[in-house]
Amino acid sequence: MSEHVTGIPRSASNAPCACGDSHQSAAGVSRREFLGGAAALGGLALAAAAEAAAPANPPAGQGLPKGAALRVQPVFVWQLYQRHEHTSWRGYGGLHTKEDVDREIARIGGELAKLAAGAEFPIEMLPLVSVNTDAEADAAAAAQADALLVYAYAGPQPWLEKLAASKKPNVMFVRHRSGPIYLWYEIAHWRFLRKNEDTFKEPNMDVHDVVVDDYGDVLWRLRALYGLKNALGTKVLALGGLQSYSRPGELYGPDHAKKTWKFEIVPVAFDELAKRMAAARADQKALQEAERQTAELLAQKNVTLQTDRESVVNTFLSLGVIRAMMDEIGATNLGVAHCMGGLIPILKTPPCLVTSLLNDAGYTAFCHVDFTHTPPGVLMRWISGKPSFVANSHFPHHGMLTLAHCAAPRRMNGKDFEPTKIMTHFESDCGAATKVEYPKGQVTTNILPNLACTKWIGFRGKILDSPAFDICRSQMDIAIDGDWKKLLVEMQGFHTVITYGDYLREVGYALKRLGIAWESVTPT
């Protein structure tokens with residue numbers, strides 16, 4: 001990238017690459033401070049760094065690692081009515097006896113088993129609990145679960161309000177055509193959400209939390225909550241300290257990541273990385289492992305080498321060291337500061353291919369340690385079960401948007417590797433980076449977060465082409481499905497997060513729980 005990076009003069013960020021030159025230091029934790037005195041690589045078996053890189057070339061067809069299962073508590077809320085002569089004595093509903101209730105509970109159990117078995121992400125479905133009294137409503141609200149799936153057949157409004165007040169996400173399911181019809185299908189909007197008025201009064205749920213009949217609509221909501229659960233609390237290895245591509249990102253990004261996303265950020269100075277890299281280069285086993293990984297990558301039938309082989313070897317050597325550092329602190333996310341300047345001489349290659357390989361292995365890794373685009377990238381990795389590609393945004397025109405970066409994952413569908421050329425990083429014209437060839441017609445989810453960390457805008461797209469302009473290596477021209485002129489006017493930020501597939505509904509559902517504004521120019 002040729003634009004100014006906060007904290008780096010233009011001349012420094014775009015200086016010609018000298019991959020063997022001495023490194024420049026950056027803000028962060030010193031060797032002595034790193035991990036509160038954790039051993040440096042020289043105190044570890046250097047082979048451990050090579051072992052850490054073993055998943056870098058996972059076999060095609062194998063999915064990314066799963067996250068922690070979403071723990072769901074199903075709740076069946078019900079009430080039966082007693083006949084009274086000469087007055088209205090029953091509400092809507094197709095369950096009339098306790099035997100009817102028992103059959104419905106058994107039916108729900110079978111539906112839940114099918115739902116969990118068919119999900120592509122892990123769900124821990126707890127045994128269904130029955131709510132027919134105040135005490136049972138209290139007990140269900142206190143369940144140790146990530147979310148409540150509430151079958152609202154009938155019963156007093158306060159029972160549902162207790163469940164919603166638990167602050168756990170509630171998904172309310174009611175029956176219409178799937179029958180027997182539920183009372184709350186009639187009155188969820190008016191009585192529960194609006195409290196018998198014209199405006200919404202329920203503080204803990206809204207219309208997007210209610211599902212009628214369709215388990216597909218349940219599943220995408222649970223997918224959103226699963227993604228959010230696994231994105232929250234991410235631990236970040238910030239190589240070179242914190243860096244942002246904008247003044248707002250610098251001012252708001254780290255605090256936003258910590259407070260809203262509960263990220264734990266561990267900055268590490270380049271001095272520490274340089275010492276570990278020097279130790280790895282002096283270790284014959286680490287070098288042999290990097291050579292083996294390089295040969296394995298270049299032997300793949302859809303990989304073409306268009307740079308020097310040594311840069312790929314340097315990439316795998318760097319990957320082993322960085323993976324070992326991540327493993328020491330339990331980090332699943334990597335951010336690399338000064339990736340076009342001070343980091344290149346330390347790694348003897350830009351970090352582009354390193355971050356690509358990490359994303360393909362199931363981690364999240366992005367340039368710049370910029371927390372305007374890191375949380376969207378992390379959330380989308382977990383919602384989709386696929387790598388996130390963080391790219392530069394260009395000027396929307398004629399219903400399309402160009403996106404490009406040199407650190408693109410190859411395993412964009414989460415299993416298979418797209419055809420890729422291993423080339424130099426564009427701006428420095430050295431080292432190893434990926435030019436991924438994307439299939440025309442592929443549907444994508446595209447998120448543009450603003451720099452103040454207050455709003456994301458998104459659209460569903462379709463890949464038109466993988467051109468080869470003189471810009472960052474991996475390039476997409478994407479057709480915008482929706483009001484592209486609205487995107488032109490309202491687009492903010494500088495980066496776009498791209499994943500294969502359509503997850504716009506999931507993004508909006510997750511963001512409303514964090515207080516981040518969401519707008520899709522594609523109708524959902």
Side-chain angles (χ1 to χ4, degrees), residues 3 6 169 200 203 206-209 220-221 223-225 227-228 231-232 234 236 242-263 265 333 335 364 366-384 388-396 401-403 405 444-461 478 480-499 502-524:
E3 66 284 353
T6 302
F200 292 112
D206 61 30
V207 293
H208 303 295
D209 296 312
W220 72 252
R221 287 168 170 84
R223 184 184 297 114
L225 298 176
L228 185 60
L232 292 172
T234 294
V236 182
L242 303 182
Q243 182 193 22
S244 176
Y245 245 63
S246 67
R247 178 60 61 182
E250 186 179 66
L251 292 175
Y252 307 124
D255 191 58
H256 170 73
K258 293 173 185 176
K259 290 185 177 179
T260 301
W261 294 91
K262 314 303 180 188
F263 280 14
I265 304 167
N333 175 266
T364 50
F366 311 116
C367 298
H368 317 312
V369 204
D370 191 324
F371 292 103
T372 63
H373 64 239
T374 296
V378 173
L379 178 65
M380 287 309 301
R381 181 269 182 261
W382 290 111
I383 283 179
S384 69
S388 296
F389 176 25
V390 174
N392 297 343
S393 309
H394 294 68
F395 200 92
L401 179 66
T402 298
L403 302 169
H405 223 293
T444 60
T445 297
N446 311 273
I447 299 169
L448 296 85
N450 72 357
L451 302 176
C453 304
T454 58
K455 180 180 179 179
W456 299 2
I457 191 166
F459 68 91
R460 182 172 57 244
I478 295 186
I480 300 165
D481 181 358
D483 189 348
W484 74 269
K485 292 183 178 179
K486 184 174 185 178
L487 179 67
L488 173 65
V489 172
E490 298 191 12
M491 139 179 186
Q492 298 178 348
F494 176 60
H495 290 101
T496 298
V497 178
I498 311 108
T499 53
D502 181 1
Y503 299 98
L504 293 174
R505 296 176 302 182
E506 287 88 339
V507 175
Y509 197 69
L511 289 190
K512 76 170 186 171
R513 306 190 179 279
L514 300 178
I516 299 172
W518 166 246
E519 183 172 9
S520 172
V521 302
T522 302
T524 58

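What you see is a predicted model, and the numbers here were worked out from it, not measured in a lab. Side chains included, hydrogens not; waters and symmetry mates left out as well; all remaining heavy atoms used. Residue numbers count from 1 along this sequence.
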For the side chain of [X] and the backbone of [Y], is there at least one donor-acceptor N/O pair under 3.5 Å apart?
X      : Y      : value
Thr444 : Asn446 : no
Thr496 : Leu448 : no
Asp255 : Tyr252 : no
Thr445 : Tyr503 : yes
His373 : Cys367 : yes

Can you find a heavy atom in the side chain of [X] that is under 4.5 Å from one in the side chain of [Y]?
X      : Y      : value
Ile516 : Trp261 : yes
Ser246 : Phe494 : no
His208 : Arg505 : no
Leu228 : Tyr509 : no
Asn333 : Phe263 : no
Asp209 : Lys512 : yes

*Can you name the salt bridge (charged side-chain N to carboxylate O under 4.0 Å, His left out) partners of Arg460, sequence neighbours left out?*
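Scan of Arg460 (salt bridge (charged side-chain N to carboxylate O under 4.0 Å, His left out), adjacent residues dropped) gives Asp481, Asp502.
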*Please list, chain by chain and in numerical order, all residues satisfying side chain to side chain contact (heavy atoms under 4.5 Å, CB included) with Lys486, sequence neighbours excluded.*
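Asp483, Glu490, Glu519, Val521.
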*Verdict with reasoning, Lys258 to Ile265, per side chain to side chain contact (heavy atoms under 4.5 Å, CB included)*: CA-CA 8 Å; Lys258 293 173 185 176; Ile265 304 167; 3.9 Å; yes
_Counting the benzene-type ring for Trp, do Trp484 and Phe459 have ring centres under 6.0 Å apart?_
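No, the ring centres sit 6.0 Å or more apart.
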*So how far is it from Trp456 CH2 to Leu379 CG, rounded to the nearest 0.5 Å?*
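Reported to 0.5 Å precision, the distance equals 5.0 Å.
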